[in-house]
Structures are given as structure tokens and as C-alpha cells.
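Each chain gets a letter, A, B and so on, in the order its sequence line appears, and its residues count up from 1. It should be emphasised that the depicted structure is a prediction, and the values quoted were computed from it without experimental measurement.
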Amino acid sequence: MPELPEVETLRRQLAPELVNRRVLDAWGYLPPKFDQAPAAVGARFGAVQRLGKYLVAELSGGRELVLHLGMTGKLSVPTTSQWAPGPYTRAWWQLDDGRTLVFDDTRRFGRLAVVDAGDYTGLPTLAALGPDPFDPDLDGEVLWRALRRSSARVKTQLLSQRPIAGVGNIYADEALWRCGVHPASRSVTRAQASALLDALRAVLAAGISHGGTTLRDYRTLEGTSGENQDHLDCYGRAGHACARCASLLRSRVYDGRTSTFCPTCQRQRPAR
DNA sequence: GTTGCGTCCTGGACGC
DNA sequence: TGCGTCCAGGACGCAA
């Protein structure tokens with residue numbers, strides 16, 4: 001399940017492979033999620049950016065190729081002559097250097113779009129995306145104000161991508177555990193918001209430095225696994241001892257998403 | 001406008 | 001061994 005660290009790892013590997021390459025041909029799976037791939041034919045790739053969990057590749061002509069990997073999306077750039085589409089290939093772009101950018105996605109939760117640069121009206125989550133966690137203008141006060149606008153559970157807000165971009169279930173659980181905030185809390189103090197931001201930055205930076213978290217599907221551009229799964233303190237560890245207080249971590253579903261937390265370290269704050 | 005639930009989708013785990 | 005059921009979760013649509 002690619003989150004910010006996994007997408008950033010891919011972006012760093014993908015950017016030098018794509019910049020200045022022209023798209024000779026392309027194919028996309030059935031509509032509506034993948035069929036815009038051929039709209040990039042004839043364009044030349046520019047810079048590759050990351051917006052939250054989205055990869056945004058500049059295209060000549062003032063357009064962009066937007067990719068979201070969903071849960072099981074994978075990118076690779078094999079040599080065209082040595083590659084053939086697999087059963088889960090959802091899109092490909094043949095490049096002018098004899099290679100092909102390939103988007104495989106088993107569960108089809110990913111998506112792609114070719115849009116006018118900056119026009120994300122067809123991608124509502126991207127259009128309403130919050131600030132990047134590493135944005136220097138983002139501080140605890142800004143995050144606190146953003147979280148304060150809603151009475152939804154703090155973890156649900158994080159997953160919505162609106163208060164802050166790029167956080168998914170793994171890093172949300174890790175950060176909330178690290179700063180001692182209960183995932184079902186419907187309000188946080190200024191101090192908690194500040195601690196949450198510090199925790200998010202720490203777990204996301206660790207994720208990037210470990211090449212991402214591979215629980216099952218995620219692979220780097222070269223097909224290798226990340227190593228951050230060996231450094232998780234909370235996510236997926238229900239029934240194990242909390243590394244801080246030795247209480248047993250618990251798992252519970254809030255708003256349809258499984259959360260793992262420590263019932264001792266992460267006390268739920270009453271709704272305001 | 002906000003909140004929360006259902007849906008999409010398929011491989012893997014698990015129970016019988 | 002084989003079958004059926006459940007679970008995982010990001011984005012989005014929709015009802016309340």
C-alpha cells in the first residue's frame with residue numbers, strides 16, 4: 001500500500017528515467033481508471049513530482065500525467081523488446097529510448113489521468129490535498145487549525161489527505177502511537193498537534209530512508225522490497241507488547257479502517 | 001457542508 | 001486437497 005515514503009522512493013528512481021523521454025505509443029486498460037494513458041502519446045516527459053501519494057509527471061504541451069498506485073500498483077521501466085504485458089498490466093507507455101514505462105495493478109485500486117497542468121478537478125482528493133508533511137511553512141499550529149475544522153476522528157482526518165498529504169494507514173498508526181494520541185480522538189490540543197506533526201515527519205522520514213514499507217505488494221522501480229516493515233512499532237502488531245509500556249497493543253475498526261494502538265499510551269480525549 | 005458507510009477489487013489466510 | 005468466507009485498504013459516491 002504505497003504511502004508517501006513508498007511514492008517518494010519511486011519518484012526518486014523514476015525521475016531520471018523519464019525526463020526528456022518522448023512517448024511513442026501507449027495503451028490503457030478499460031475505462032474509467034486507466035484509459036487516458038494514450039493521451040500522453042507524442043508528449044515529452046519533464047520533471048516528476050510527488051503530491052501526497054500521487055506521482056505527477058510533466059508533459060510537453062502544458063499537460064501532466066497523474067498516477068496513483070492505489071494499494072497494489074507497481075511501476076517498472078523494462079526494455080521494450082524484452083517485455084510483454086502481464087495479466088495485471090493496466091497501462092504502458094513506450095519511450096523513445098527503447099524502454100517502456102509499465103503500470104501493473106492487481107486490484108485495480110490505482111488510477112491515472114492526463115490533465116492540463118494543475119487542473120485536478122477530476123481527482124477530488126488531489127484537488128483538496130493538504131500541505132506536504134515536509135513543507136517548511138507547515139507547523140503544529142497550522143495542523144492544529146486544520147484538524148480543528150472537523151469533528152471527525154483524528155485518524156480518519158489524516159487518511160482523508162485534507163489536513164496533511166501522503167499519510168495512509170501504516171504511517172498514521174505509527175505516528176499516533178509515537179505521539180500518544182488515540183486514533184479515535186475527535187479533538188487534539190495544540191501540543192498534541194505539534195507532537196503529531198513531529199511524529200509524522202519522523203516516521204515518514206524513516207520510511208523514506210528504509211526504502212518504503214513492503215508488507216506484500218510494494219516494490220521499488222527495480223522490483224526490490226523496502227525495509228521499513230522491520231522498523232514498525234505499532235501497525236499490524238495487535239496482541240504484541242507495546243515497546244514503550246509493555247501493554248498489549250489493540251486493534252479496532254474505526255470508520256471502516258483497522259487501527260492498531262496502545263490502550264495505555266494512547267488515551268482517548270473527550271470530544272470537544 | 002459534514003459525516004460515515006458502502007463499493008470497488010483480488011490474493012492470501014483461515015476454517016471446515 | 002478443495003471449497004467457501006473473510007480480510008486488507010485508498011478513493012470516491014451517496015445518503016442522512
S.K.: More 5' along DNA chain B: A/K33 or A/R153, using each one's nearest nucleotide?
M.R.: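 Final value for this comparison: A/R153.
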
S.K.: Same cluster for A/W92 and A/Y29 if Ile/Leu/Val/Met/Phe/Trp/Tyr side chains link at under 4.5 Å?
M.R.: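 Yes, because A/W92 and A/Y29 connect within a single hydrophobic cluster, where side-chain heavy atoms sit under 4.5 Å apart.
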
S.K.: Please list, chain by chain and in numerical order, all residues satisfying side chain to side chain contact (heavy atoms under 4.5 Å, CB included) with A/R22, sequence neighbours excluded.
M.R.: A/L24, A/R44, A/D96

S.K.: A/M71 CE to B/dT7 P: how many Å, rounded?
M.R.: 18 Å

S.K.: Taking only side-chain N and O atoms of A/R186, does any of them lie within less than 4.0 angstrom of OP1 or OP2 on B/dG4?
M.R.: yes

S.K.: Starting at the 5' end of DNA chain B and moving along, which residue's nearest nucleotide shows up first, A/Y29 or A/D255?
M.R.: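 Checking each residue's closest nucleotide, the 5'-ward one belongs to A/D255.
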
S.K.: Report the C-alpha separation of A/T89 and A/V102 in whole Å, then their side-chain angles, then the decisive distance to 0.1 Å, and conclude whether the side chain to side chain contact (heavy atoms under 4.5 Å, CB included) test is met.
M.R.: CA-CA 7 Å; A/T89 299; A/V102 181; 4.0 Å; yes

S.K.: If you count every heavy atom of other residues, nucleotides or ligands that lies below 6.0 Å from A/R201 atom CZ, does the total exceed 12?
M.R.: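 For A/R201, atom CZ is crowded (more than 12 foreign heavy atoms under 6.0 Å).
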
S.K.: For DNA chain C, just give me the dot-bracket, please: Watson-Crick or G-U, both distances below 3.5 Å, ( ) intra-strand, [ ] crossing earlier pairs, | paired with another strand, . unpaired.
M.R.: .|||||||||||||||

S.K.: From CG of A/D104 over to P of B/dC9, roughly how many Å is that when rounded to an integer?
M.R.: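 Interatomic distance, CG of A/D104 to P of B/dC9: 18 Å.
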
S.K.: Do the side chains of A/E174 and A/R178 get close enough for a salt bridge, i.e. N-O under 4.0 angstrom?
M.R.: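 Salt bridge flag = no for A/R178 with A/E174.
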
S.K.: Could you write nucleotides 11-16 of chain C as a row of B, S and -, 5' to 3', where a protein heavy atom under 4.0 Å of any base atom gives B, of only sugar-phosphate atoms gives S, and otherwise -?
M.R.: BS----

S.K.: Regarding A/T156, tell me which of base, sugar-phosphate or nothing describes its non-hydrogen contacts under 4.0 Å with the strands shown.
M.R.: nothing

S.K.: Using atom CZ of A/R162 as one end and atom P of B/dG4 as the other, report the distance to the nearest whole Å.
M.R.: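 That distance rounds to 12 Å.
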
S.K.: Nearest-Å distance, CZ (A/R107) to C1' (B/dT7)?
M.R.: 15 Å

S.K.: Is the number of heavy atoms from other residues, nucleotides or ligands within 6.0 Å of CZ (A/R250) greater than 12?
M.R.: no

S.K.: Any side-chain N or O of A/Y235 below 4.0 angstrom from OP1/OP2 of C/dG9?
M.R.: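 Yes, because at least one side-chain N or O of A/Y235 sits under 4.0 Å from OP1 or OP2 of C/dG9.
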
S.K.: For the side chain of A/S150, starting at C-beta, report the closest nucleotide among B/dT10, B/dT3, C/dG10.
M.R.: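 In terms of side-chain proximity for A/S150, the closest of B/dT10, B/dT3, C/dG10 is B/dT3.
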
S.K.: Is the shortest side-chain N/O distance from A/T258 to OP1 or OP2 of C/dA8 below 4.0 Å?
M.R.: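 Answer yes for this pair, as a side-chain N or O of A/T258 is under 4.0 Å from OP1 or OP2.
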
S.K.: From CD of A/E6 over to P of C/dG10, roughly how many Å is that when rounded to an integer?
M.R.: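 Those two atoms, CD and P, are 11 Å apart.
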
S.K.: Whole Å only: how far is the CZ atom of A/R108 from the C1' atom of B/dT7?
M.R.: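 Going from CZ in A/R108 over to C1' in B/dT7 covers 14 Å.
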
S.K.: C/dG9 C1' sits how many Å from A/L158 CG, rounded?
M.R.: 16 Å

S.K.: In whole Å, what is the span from the OH atom of A/Y254 to the C1' atom of B/dG6?
M.R.: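 After rounding, the reported distance stands at 21 Å.
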
S.K.: Does atom CZ of A/R145 have more than 12 heavy-atom neighbours, drawn from other residues, nucleotides or ligands, at distances under 6.0 Å?
M.R.: no

S.K.: Taking the six-membered ring of A/F45 as reference, does the NZ or CZ atom of A/R21 fall below 6.0 Å from its centre and within a 45° cone about the axis?
M.R.: no

S.K.: Check each of A/E3, A/K155, A/R257 against A/N169 using the side-chain hydrogen bond (donor to acceptor under 3.5 Å, both in side chains) test, and report the only one that passes.
M.R.: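 It is A/K155; the other options fail the test.
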
